[in-house]
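Here's the structure, in structure tokens; my notes come after.
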Amino acid sequence: MTSDTSTPTPVSVEHRGIIYTGEVIRTESWHSSHGQPLKGDAYFRVVFLENTSAVFPRSLHDHRIAVYVPGERSVELERAEASIRSMREAMGTYATDSDTFDLLSAETHEIEDHAVDAWAASFRSGHLIAAPSLDVSLQEIFADGYWSTWAERIGKLLLERAYPSTPVRAELLQIPIRPESGAPVIFNAAVGHRGDAGHDDSTAFALDSFGPALGLSSSLAPRVTDLSKSEVAQRISSMVNDGWPPSDIGHALAHEMGLTYPLATAYLLLWISVGRHSVRLRPGHGLLQRDGTPLETDSIGPDDARSLRWPLGLGERLETLSEADAPTAADPYLAALAGPVSQDDDIQAAALRRIGELQDDLPQVARSLTRLATTQRKQDLPRELALLHQIATADSVDAALAAARRGTHTPAVFVATMTLWQAWANSDSDASALADLSDWLAAATIDEASGEAFTEHDLLTERLQAPRLLTSPHEWAALVETGHLFQHRYATAYLRQHREYHAKVGTLAHAVDTAWRKAKALDRLNSLPALGEPVGVGLPALAEEMRNAVMACGTEREIADVEAAPMCPTCGMPRRLQQMSII
């Protein structure tokens with residue numbers, strides 16, 4: 001097998017009328033990066049490991065990832081791979097002899113075909129790991145085919161589980177949608193763009209092929225139908241009104257709803273173009289008009305959206321999204337902070353009251369988060385944490401509110417930051433528990449020979465060092481629980497090894513004490529001149545030194561004691577746990 005841990009190979013799978021692109025990684029052994037969440041235009045990941053590795057489902061941070069761990073390699077596979085190596089060496093030797101090279105090449109193809117069958121047969125004895133697990137038959141996955149075929153079958157299962165339904169009505173599609181090429185045509189057709197010559201056959205084709213499935217019009221009326229009632233439009237409106245950053249909205253449409261980024265961009269543009277919404281662009285957005293000239297404005301409305309050249313990475317270019325006809329408060333910051341209020345309520349008073357309630361918890365939250373950040377050895381703290389310190393140390397509620405507004409700049413960022421502060425406050429005890437867990441893991445020394453225990457200790461430490469941990473409080477409770485389970489299993493194994501170790505030390509101590517007594521008795525013989533010159537003069541001192549060094553630990557510890565402090569405070573032994581099974 002050829003290993004490549006750095007460059008995933010793309011593979012495409014059709015699911016519910018959309019052609020999704022995924023990643024296939026073939027590598028010698030497991031690395032934690034393989035379990036990181038998917039991003040960009042990759043909607044599933046299949047990892048084939050060459051060697052048996054300890055891969056825990058909890059190390060997979062996206063339910064669209066599957067890892068194949070091989071079983072025992074068959075004798076047939078070993079023979080087939082050896083034959084391939086020999087034939088390729090022979091081909092290299094006879095590369096200048098065309099007749100011999102052609103003959104060897106034909107034989108090599110036969111051997112490779114046999115190797116493919118041997119690989120498939122060998123793979124049926126392995127394990128497919130996903131979180132949650134997939135209900136799958138390896139006999140069916142590896143019945144025939146090769147790497148891409150196996151990856152497509154596994155990718156299909158992951159997509160079926162991730163997206164049991166999508167906003168696209170697949171039964172109305174004439175052909176599957178390939179988003180990267182289909183989405184721009186769909187948008188152009190939907191807004192009535194006919195190309196530079198005034199007509200474009202692809203417009204009618206796109207609307208007839210994809211329009212009904214996407215909730216758009218047909219070629220007889222190339223315009224956008226009422227999207228306000230569609231599932232996607234309602235989801236966009238909900239996220240906009242909740243203050244989501246545009247980049248997060250794009251990610252949710254692409255990955256949570258399964259639209260992919262190109263289709264998410266098309267829906268966002270259509271959502272804007274129906275006339276009820278407005279957009280503020282980031283500085284240096286780089287958007288172009290259809291004629292190729294730069295879009296000079298920093299905001300776009302319906303007409304601007306319809307005149308845009310198809311943009312790449314739209315969500316990253318947007319500063320804010322808003323509904324143009326939505327009721328606006330005199331101060332959107334205060335309204336966002338205050339939350340839902342009645343018409344008779346005073347928004348500023350409600351906002352001050354809410355931040356006052358939150359400020360009571362913020363000093364403790366700031367301390368807990370700073371400690372957690374310290375355990376991560378971070379040099380650059382998240383902007384939200386630095387701002388939290390300003391809020392927590394403000395002299396008054398008015399000053400706290402003013403600092404919050406200065407530090408967030410826009411209503412959307414303000415809402416997102418407030419949401420994060422609230423989540424931090426709700427998860428404050430988990431932040432402290434994670435900091436304790438980090439200190440505990442640093443003190444627990446586990447030898448690499450411990451196998452699964454070493455691997456899980458390493459994975460837990462790595463998750464606590466993840467850059468996104470501080471801004472992901474929704475993940476803390478599960479991570480705390482995972483840590484507690486590991487501590488309990490470690491404590492059980494540690495106490496067993498501590499007891500067994502010192503039982504052997506006690507036996508050794510008794511033997512050394514006996515040897516010391518014998519050495520003292522023999523040393524008395526050196527005082528008798530009749531026996532000649534003294535011998536073994538230094539033996540009693542050496543025996544006494546050994547007697548003092550070999551001492552069994554009598555400290556009785558409980559599981560709870562080890563869960564609080566991983567090493568024995570009396571003997572500090574054993575310093576390293578070897579061959580420790582905690583499963």
Side-chain angles (χ1 to χ4, degrees), residues 1-15 19-74 77 81 115-116 118-163 255 258 260 451-452 454-456 458-463 465-466 468 475 482:
M1 180 185 291
T2 301
S3 300
D4 185 353
T5 59
S6 59
T7 307
T9 302
V11 62
S12 296
V13 173
E14 179 189 341
H15 170 62
I19 298 178
Y20 292 90
T21 300
E23 300 176 344
V24 181
I25 299 175
R26 294 167 55 188
T27 180
E28 292 185 359
S29 57
W30 173 255
H31 188 273
S32 60
S33 62
H34 299 148
Q36 293 305 306
L38 295 168
K39 57 184 178 180
D41 284 312
Y43 300 92
F44 64 89
R45 180 183 299 144
V46 181
V47 182
F48 290 105
L49 301 183
E50 180 177 358
N51 301 316
T52 300
S53 300
V55 181
F56 299 95
R58 64 178 65 92
S59 65
L60 305 182
H61 302 297
D62 197 309
H63 63 294
R64 297 168 297 171
I65 298 175
V67 182
Y68 174 78
V69 180
E72 294 294 328
R73 292 169 62 85
S74 65
L77 178 56
E81 289 183 337
V116 169
W119 265 318
S122 179
F123 273 30
R124 293 171 200 144
S125 65
H127 303 281
L128 190 64
I129 300 172
S133 61
L134 286 169
D135 183 13
V136 59
S137 167
L138 294 186
Q139 298 295 324
E140 296 177 4
I141 293 293
F142 300 107
D144 52 26
Y146 201 40
W147 301 107
S148 59
T149 302
W150 304 335
E152 288 170 7
R153 290 170 181 164
I154 298 172
K156 182 74 171 176
L157 294 171
L158 293 170
L159 290 171
E160 288 174 350
R161 184 176 68 182
Y163 310 120
H255 285 271
T260 73
E452 292 180 347
F454 175 82
T455 302
E456 189 165 359
D458 191 49
L459 287 172
L460 263 176
T461 302
E462 190 168 321
R463 290 182 67 182
Q465 298 294 327
R468 60 189 295 268
E475 299 178 1
T482 299

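These numbers were taken from a predicted model, which means no experiment stands behind them.
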Quiz: residues 60-67 side-chain donor-acceptor pairs under 3.5 angstrom, not counting sequence neighbours:
unit_1, atom_1, unit_2, atom_2, d
Asp62, OD1, Arg64, N, 3.0
Asp62, OD1, Arg64, NE, 3.0
Asp62, OD2, Leu38, N, 3.1
Asp62, OD2, Arg64, NH2, 3.0
Arg64, NH1, Tyr163, OH, 2.8
Arg64, NH1, His255, ND1, 2.9
Arg64, NH2, His255, ND1, 3.2

Contacts of Arg463 that satisfy side chain to side chain donor-acceptor pair (under 3.5 Å) - sequence neighbours left out: none
Pairwise side-chain contact, [X] with [Y], heavy-atom cut-off 4.5 Å (strictly under):
{"X": "Phe56", "Y": "Leu459", "answer": "yes"}
{"X": "Ser59", "Y": "Glu456", "answer": "no"}
{"X": "Leu158", "Y": "Lys156", "answer": "no"}
{"X": "Val24", "Y": "Trp150", "answer": "no"}

Just how far is it from atom [atom1] of [X] to atom [atom2] of [Y], taken to the nearest 0.5 Å?
{"X": "Glu23", "Y": "Thr9", "atom1": "CD", "atom2": "OG1", "answer": "9.5 Å"}
{"X": "Leu157", "Y": "His15", "atom1": "CG", "atom2": "NE2", "answer": "11.0 Å"}
{"X": "Thr482", "Y": "Glu475", "atom1": "OG1", "atom2": "CD", "answer": "11.0 Å"}
{"X": "Thr27", "Y": "His31", "atom1": "OG1", "atom2": "NE2", "answer": "9.5 Å"}

Residue pair Leu128, Ile154: steps toward the side chain to side chain contact (heavy atoms under 4.5 Å, CB included) verdict: CA-CA 9 Å; Leu128 190 64; Ile154 298 172; 3.9 Å; yes
State, to 0.1 Å, how close [X] and [Y] come at their nearest heavy-atom pair, and which atoms those are.
{"X": "Pro57", "Y": "Ala131", "result": "O-CB, 3.4 Å"}
{"X": "Val11", "Y": "Ala151", "result": "CG1-CB, 4.5 Å"}
{"X": "Ser12", "Y": "Thr21", "result": "OG-OG1, 4.0 Å"}

Parallel, tilted or perpendicular, as decided by the 30° and 60° cut-offs, for the rings of Tyr43 and Tyr20: perpendicular
Residue pair Val13, Ile19: steps toward the side chain to side chain contact (heavy atoms under 4.5 Å, CB included) verdict: CA-CA 6 Å; Val13 173; Ile19 298 178; over 6 Å; no
Going by atom type alone, with no hydrogens or angles, which donor-acceptor pairs under 3.5 Å involve a side-chain atom of residues 133-143 and a protein atom two or more places apart or on another chain?
unit_1, atom_1, unit_2, atom_2, d
Ser137, OG, Gln139, N, 3.3
Ser137, OG, Glu140, N, 3.4

Criterion side chain to side chain contact (heavy atoms under 4.5 Å, CB included) on Glu28 and Leu49, from CA distance to verdict: CA-CA 5 Å; Glu28 292 185 359; Leu49 301 183; over 6 Å; no
